[in-house]
**Q** 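Provided herewith is a single structure, encoded as structure tokens, for subsequent inquiry.
Keep in mind that what you see is a predicted model, and the values were worked out from it rather than measured. In what follows, every chain begins at residue 1, and chains take the letters A, B, ... in the order their sequences are listed. Computation of the quantities below employed the complete heavy-atom set of this structure, encompassing side-chain atoms and omitting hydrogens, waters and symmetry-equivalent molecules.
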Amino acid sequence: MMRLALATLRQQRGAYLGTFLAAFLAVALLAGGGLLLFSVLTAKPPADRFAAATVVISGDREVTLETVTKKKDKVKTKVKSERLTGAGMLPADLASRVAGLTGVTAAIPDAAFPLQLSTMTGQPIRGRDDAPVIGHGWQSARLTPYTLRAGAAPSPGEVVLDADLASRAGVTAGDSVQVTSKAGVRTMRVAGIAVPASGDGLPAQGALFVADREVQTISELAGPTAVGILTAPGADRTALLAAVRAEAADAAVLTGADRVRADLPGALPDYIGPISIFGFVIGITAFAAVFVLTGTVSLGVRQRLRELALLRTAGATPGQLRRLLGLESMLIAGLAAVPACALGVLVAHLVAARFRTIDAIPQQFTVRINVLVLLCAALAGLLVTFLAARIAARRAVRIAPTQALAETATAPGGGVLVRALLAVVPAGGAIAVLTFVPLGGPLGMGMSFVSSALLLCAVAALGPVLLRLLIVPLSRLAGTTGVTGWLAGAITRAEGRRVAAVAVPLVLMFAINATMLLNSALLGALTADEQAARTAAATAQVTGVGGVPLGTVDRLVALPGVTGAAATLPTRAIVAQGGKPEDYVAQGLLTVGSEQVLDLAVRDGAIGGDGTFAASSFLTEQEGWQLGDEVPIWLADGYQTPLRLSAVYERSRGFGDMVLPAQLVAAHDPRGLVSAIALRYQGDVPAQIHADWPALRVTPAIEAARAGDAQNQQGAWELMVVISLGFTAIAVVNTFAIATAARRREYADLRLAGATTGQVRRLASREAAITVAVGLILGMAVTAIVVGAFSTAQDGTFRLIVDPGTYLGMLGGVAALGLLAGALPTRLVLGRRSLPLVAEGR
Amino acid sequence: MWSGNAASTRLITMRNRGTAEASGPVVEVVDVAKSYPGGAGVRALDGVSVAFAAGTLCAVMGPSGSGKSTLLHCAAGLDLPDTGRVLLAGQEIGGLREPKLTEARRRRVGFVFQSYNLMDSLSVWHNILLPQRLAGVRPDQAWAREVVQRVGLAGREHDRPGQLSGGQRQRVALARALAGRPEVIFADEPTGALDLSTGREVLGLLREAVDSFRTTVVMVTHDPAAAAWADRVVFLADGRIVDELVDPTAEKVAALMMAVSAR
Ligand SMILES: Nc1ncnc2c1ncn2[C@@H]1O[C@H](COP(=O)(O)OP(=O)(O)OP(=O)(O)O)[C@@H](O)[C@H]1O
Ligand SMILES: [Mg+2]
């Protein structure tokens, strides 16, 4: 059997090229996506700021909820947690208490807080790879340790910068810099330059040290965020740890590689976003890869029915043919897997590089090559190819041996009933997803993709049946374009299965990519609309590099002539959701003046008032809150406070799902700076602002300043579309090529009947046109269902096209590709080989 | 309707070309040689010269592999010879480029292939009309219907070739060649798959085309009885013309065949 498989492989090299290409690309995509996901899941913080400490006590870095359910006598405890964006604090006296323990040489409190550093000319400075600048008290320099390279330790009013920051800012000891924290903007003198054990600074954070006495004034932190413990060599670790744990009470006691978790979350590269992005990447590529591979393999088997029938006449049993096809496909996939893994590594690196440039993943992210992941991708490719071949073979080998004598062999078709059944399941799934999942929520995009994937499976299963409905009118239409059109119509009518097999990748290409593009365009447009509507009443917007301290805002909005102002502090807040803490984008809001500048479209209640908050209608419905409910809310540093729901608002897109008191956010968000102030004023307020705060920017109209997060998401999304467009386009070309390669004989027969090569070429283009039309109509149908449902879920409006430019672009692009892919292989097949040879199948 | 061996007065051999009618040969092959690449140096045709005069039925015979199909392909302009010239109605086709070659061929030539070469996705009827459609002429449907009738395919017009027997497919191929009323019909074993009476019917049809429409028919056959319908028989062996017979009878053909094969 193996010998026969090898022999047919060698003999029919051309025929297997298509399967090889599909398997090659599929495995490459799976390997690339797998490596990315693996790398992001196992990513380690690049350096440990607490390297010199034996033990680190950390304040809260996550919110943990415990739910206890009792079932009969079994007690089940479920613990769910959500990461904080800020850092919880430790008691101020913890360090001195720990310092007294035996074996401890020093217990050093560390307060870590984000800062905005800029030169005296107002140019913002960030660390290497755009890393944030983190402030600390000078004594915590020992925990890394940072040592002075030049200058001296900081006194109040002075800072020590790491050498990397200093060179970026172009300052040396004695120069001045501007430091903005939530406590305000101050000009500080550079007292010295410090460096860690190796290099000019740590990879993911720029360090700025202030005098220990000044930490609280600048950071407004009530206590340290961590305490690092240095021990004498040879101290009893177990006893020490036990003693530290006893003192630390609830706080986490970290050793070894875990110590790094005591750092400020913002100072560590954030891999949560990338995990979901790469999860999505692998979801899409895996679906497309499996879908395309299955289709290609079964098309390949169908093209060889005649050969199979010949083998049957030569005495092969159906079982032998099944084994032959299975073995062959494994050989092809196995051959393809090796170079595919190499390409997968390349793909992973390219995608990672692109994601780094658009800031969708941390700069420190590196692709880690794992043999197991590559093996899994190869195995998955092998398995899919094998299964697809076996399934296709099941039908194909039932072919009667006598079919070998017929001009073209046809396999008995899977009944309409079987196909309908196969289609009902995914179609039902798609309808369930579209009806029951709240597409307006954060899962909307992912779920709309899932439903279009399911619908595509249904289309693939029902292909030949759906096709019959479309082909008749289409081929009639083609018949009006002369003899080649008439012929194209007749052939496509007769060869419905082949047309379906070629059209399905076109459906996939259009539906998947159009859905992704249109849905994200819709979200973008809705967000921009809401943003504009929110701030329509404002006449100016004030922003500062990195943010504006609340104190500055207080004085700014009190300027004479200001009739209304709304300052927003972006943050994140956590609420419990069915026993699970869930993190949402929120805004601290400060409004003053008699005129309203920020219109959130409040549906119920009124925003503002002590101890209250407002929530978006989406979140309110999600949580089942009522106006007046008292809700426990965790702020960015893990501080929990009950707030009363005083208003429900509609315009939450690009803004956030909760509106909290500005003071509360400023106190508990590590950054705590106002991102923008929307103003209404009379008189020359801008001139006044320029005079008082030259660093602030006043823009007359409201620019829809998109949150950086949303921009990264958009960039990541676009890259995903590019990948899937590329892959599906190759699938389209590949399928056309496979289908055309098998038609050499048919084209030769046509030539013998008197067709010129020009006529055969025209015939091929008309057939391609019919196929493309079928693919696009089905693709448009799938897209319409998914985009329509998604759009209705967003704002109650049913839309099909969303963005005419994108829609027409997709239509035109897919059509052009299909027509080209249909026409080009024909030219090759029509090559100069002498006619009778081809016609006799030699 | 037809006698088994219609006496023809329009016999033209190469030797007495001088007495040829004014119209001259429709197809003329001059010193044609062809070998196939990879064919172990076998020359499929090795310097063949032969002319087929208008309105004659000529049979080509010879052992299997002697180059009969190759000769027909070259004469019909389907394949290009390595050396030598092929003239179709006086026009040298070696110099024609596509699509001129195809146009010339489909205007003047009908072909019945050894392997039929029908379009599987078209019905019998559409297959028969296809060459005329491709040529952009309005198909002569009445004539086509009569041809279908005569080859015994009436009632099968809407079937696909795949649904027909081998002999029926051969008749579709013949009907397709006849339907366009070409000047020349090349037929590669047109009766190879037919029973005696259908074979006779088909031969009669070809004979009638020759007699009534002055069509030239060149037919490959292994059957001496079929060859007896011809005005002239050309014998091929190892790519050369080794003999020929004017006004053949089945017995004479059989005897010559034996001689040729024995050589
Ligand atoms: N495509 C090809 N490649 C190589 N050799 C070929 C090819 N076609 C024909 N030949 C060789 O050319 C010679 C003549 O072949 P041709 O088909 O003309 O024979 P034929 O007389 O028609 O035989 P038959 O009566 O069996 O049909 C043979 O030796 C054959 O092997
Ligand atoms: Mg032959």
Side-chain angles (χ1 to χ4, degrees), chain A residues 305-306 309 400 402-410 471 475 479 482-499 742-763 767 830-842, chain B residues 34 36-38 69-70 72-74 76-81 97-123 126-137 139 160-166 169 173 176-177 180 182 186 188:
Chain A
L305 285 179
R306 195 182 155 85
T402 49
Q403 288 269 342
L405 309 173
E407 295 280 286
T408 47
T410 46
I471 281 238
S475 57
V483 59
T484 48
W486 164 80
L487 202 52
I491 291 175
T492 44
R493 265 201 307 275
E495 299 276 317
R497 287 244 201 96
R498 186 185 63 217
V499 176
R743 299 181 64 187
R744 158 171 298 189
R745 192 189 159 96
E746 185 185 343
Y747 286 149
D749 284 346
L750 256 177
R751 294 273 287 112
L752 292 180
T756 60
T757 43
Q759 281 177 320
V760 177
R761 277 205 297 268
R762 280 197 294 284
L763 165 73
E767 277 189 48
L830 283 178
R832 280 191 297 276
R833 293 198 44 196
S834 83
L835 272 175
L837 299 192
V838 181
E840 276 162 37
R842 294 198 203 170
Chain B
K34 177 157 186 78
Y36 288 101
S69 296
T70 309
L72 252 62
H73 291 157
C74 287
L78 287 169
D79 213 347
L80 292 179
R97 291 266 144 263
E98 290 292 354
K100 285 269 182 299
L101 180 58
T102 301
E103 280 161 12
R105 191 174 70 232
R106 77 182 169 203
R107 196 170 59 242
R108 299 182 188 280
V109 180
F111 213 113
V112 182
F113 296 94
Q114 203 166 1
S115 47
Y116 321 141
N117 298 84
L118 302 170
M119 292 291 295
D120 299 297
S121 38
L122 298 182
S123 67
H126 286 316
N127 257 297
I128 290 173
L129 297 187
L130 183 61
Q132 295 173 70
R133 286 220 163 109
L134 286 171
V137 299
R160 294 274 179 74
Q163 296 164 300
L164 301 181
S165 75
R169 262 178 269 165
R176 180 169 77 174
F186 292 98
D188 204 342

**Q** Please identify, among E103(B), R176(B), H126(B), the residue contributing the most non-hydrogen atom pairs under 4.5 Å to chain A.
**A** H126(B)
**Q** Can you name the one residue among T102(B), L134(B), L78(B), N117(B) that meets side-chain contact (heavy atoms from CB on, under 4.5 Å) with R751(A)?
**A** T102(B)
**Q** Need one label for R107(B): side chain, backbone, both or neither, based on atoms under 4.5 Å from any heavy atom in chain A.
**A** neither
**Q** Holding to side-chain contact (heavy atoms from CB on, under 4.5 Å), I want the full list of residues that pass it with S121(B), two or more places apart in sequence or in another chain.
**A** I491(A), A494(A), E495(A), E746(A), M119(B)
**Q** For the atom pair OG1 (T756(A)) and CZ (R105(B)), what is the distance rounded to the nearest 0.5 Å?
**A** 10.0 Å
